[in-house]
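Notes follow once the structure below has been shown.
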Amino acid sequence: MRRAVCPGSFDPITNGHLDIIERASGFFDEIIVAVGINQSKNRLFEPAERVEMIQEAVASLGNIKVDTFQGLIVEFCKAHQVQAIVKGLRAVSDFDYELQMAHMNRSLAGVDTLFMPAAPHYSFLSSSLVKEVATYGGDVSGLVPESVLRRLQERLSG
Ligand code: ADP
């Protein structure tokens, strides 16, 4: 089975992430969306909430699983028989770091990384910007899935 992972923090998932996941799902038998649960980072949503929001957003796609990971993504790849890591690239600024990571992951475990260009209309989009705009009452509908919009409103109004 050809299986790839789309790793990230997804705090929360955006339509930019979703676009990459959907497009990647056409090339593989199965995509695992792996939510990094690094303790040291300041997050708006708990890992379980991030997983739920992704599950709701990908419910209509047949070959996507959602899971969490801690530590090295290559260890997750080994444990789940994943052959490739899929990453979205928004701009040249993403590329520098992503290329370094890709080389490191290949040298650590022989796992290759495939890069997909972000959809132009989502290339400015990041989870952190969505949170910032939503915090100040900006309209982020159209940038995140419905389930995320609902939870952002709940979280930020409470
Ligand atoms: P962020 O970079 O927004 O904090 P993540 O760490 O969850 O988000 O990102 C996981 C992956 O998704 C990274 O490879 C990142 O480049 C990619 N990604 C993030 N936002 C977008 C977008 N708008 N379009 C395409 N890919 C994206």
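Atoms within a ligand are numbered from 1 in the order they appear, just like the ligands themselves. In this text, all values refer to a predicted model and were calculated from it rather than measured experimentally. Reckoned from all heavy atoms, side chains included, excluding hydrogens, waters and symmetry mates.
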* Do D112 and R106 meet the salt-bridge criterion of a basic N to acidic O distance under 4.0 Å? -> yes
* To do: State if P7 counts as touching ligand 1 under the rule of any non-hydrogen atom under 4.0 Å.
  => yes
* Per-atom contacts of ligand 1 with S126, taking only distances under 4.0 Å to non-hydrogen atoms -> 3 (O)
* **Shared hydrophobic cluster for L143 and L152 (ILVMFWY, side-chain gaps under 4.5 Å)** => yes
* **Top protein contact for atom 2 (O) of ligand 1, by heavy-atom distance** => R90 NH2, 3.1 Å
* Would you mind checking if E56 and R150 are paired as a salt bridge, meaning a charged N to carboxylate O distance below 4.0 Å? => yes
* Asked: Any idea which protein heavy atom is nearest atom 12 (O) of ligand 1, and the distance to it?
  -> H17 CD2, 3.2 Å
* Asked: If you group Ile, Leu, Val, Met, Phe, Trp and Tyr by side-chain heavy-atom gaps below 4.5 Å, do V130 and V51 land in one group?
  -> yes
* Asked: Of all the atoms in ligand 1, which lie at a distance below 4.0 Å from a heavy atom belonging to I20?
  -> 25 (C), 26 (N)
* E132 CD: over 12 foreign heavy atoms closer than 6.0 Å -> no
* Does at least one non-hydrogen atom of E98 fall below 4.0 angstrom from an atom of ligand 1? -> yes
* Among all protein heavy atoms, pick the one closest to atom 14 (O) of ligand 1 and tell me residue, atom and distance. => K87 CD, 3.0 Å
* To do: Considering heavy atoms of the protein only, find what lies nearest to atom 3 (O) of ligand 1 and give residue, atom and distance to 0.1 Å.
  => S127 N, 3.2 Å
* Asked: Among protein heavy atoms, which sits nearest to atom 24 (N) of ligand 1, and what does the distance come to when rounded to 0.1 Å?
  -> A118 CB, 3.4 Å
* To do: Looking only at protein heavy atoms, identify the closest one to atom 17 (C) of ligand 1 and say how far it is in Å.
  => G88 O, 3.8 Å
* **Ion pair check, D11 and K131, cut-off under 4.0 Å** => yes
* Would E146 and R151 pass as an ion pair if we require N to O under 4.0 Å? -> no
* Among the clusters formed by ILVMFWY side chains lying less than 4.5 Å apart, do F28 and V5 turn up in the same one? -> no
* Inspect the surroundings of CZ in F27 and state if more than 12 heavy atoms from other residues, nucleotides or ligands are less than 6.0 Å away. => no
* Atoms of ligand 1 close to G16 [distance to a heavy atom under 4.0 angstrom, numbered from 1] -> 22 (C), 23 (N), 24 (N), 25 (C)
* To do: Could you list which atoms of ligand 1 come closer than 4.0 Å to a heavy atom of F10?
  => 7 (O)
* For ligand 1, find out whether one of its N or O atoms is nearer than 3.5 Å to an N or O atom of T14. => no
* To do: Give the residue and atom name of whichever protein heavy atom lies nearest to atom 6 (O) of ligand 1, and the separation in Å to one decimal.
  => S9 OG, 3.2 Å
* Does S128 have a heavy atom less than 4.0 Å from any atom of ligand 1? -> no
* Polar-atom distance check: S123 versus ligand 1, any N or O pair below 3.5 Å? -> no
* To do: Measure the shortest side-chain to side-chain distance between I20 and R23 over non-hydrogen atoms and say whether it is less than 4.5 angstrom.
  => yes
